[in-house]
Amino acid sequence: MKPDSPLLKILACPLDKGPLLLDEAGGALYNPRLQRRYPIVDGIPQLLPSSGVPAVAEGPAVAE
């Protein structure tokens, strides 16, 4: 997934329904409000509530 992908504008966190940020370095989507990461596997975001994992303390390298 690319940072300028139109898909990023419509994807939302399955828990709080808010926008997600792309973490290119980690290959995931990041929710800064809940500090959770959702992996991107083979170009497909895994946006099930159970697929989200807590983010590391220092936070991801996010492209805005």
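- At least one side-chain heavy atom of Leu15 sits under 4.5 Å from a side-chain heavy atom of Leu34.
- For the side chain to side chain contact (heavy atoms under 4.5 Å, CB included) test with Leu29, the passing option among Pro19, Pro39, Pro45 is Pro45; the others fail.
- Although no hydrogens or angles enter the test, the distance criterion places a donor-acceptor pair under 3.5 Å between the side chain of Arg37 and the main chain of Gly26.
- Closest approach of Leu48 to Tyr38, counting heavy atoms only: O-CE2, 3.7 Å.
- For the pair Tyr30 and Ala55, the tightest heavy-atom approach, listed with the atom from each and the gap, is CE1-CB, 3.4 Å.
- Between Leu21 and Pro32, the shortest heavy-atom contact is CD1-CG, 4.0 Å.
- Residues Leu22 and Ile10 share a hydrophobic cluster, clusters being chains of Ile/Leu/Val/Met/Phe/Trp/Tyr side chains in contact below 4.5 Å.
- Using a 4.5 Å cut-off between side-chain heavy atoms of Ile, Leu, Val, Met, Phe, Trp and Tyr, with links allowed through other members, Leu7 and Leu20 fall into the same hydrophobic cluster.
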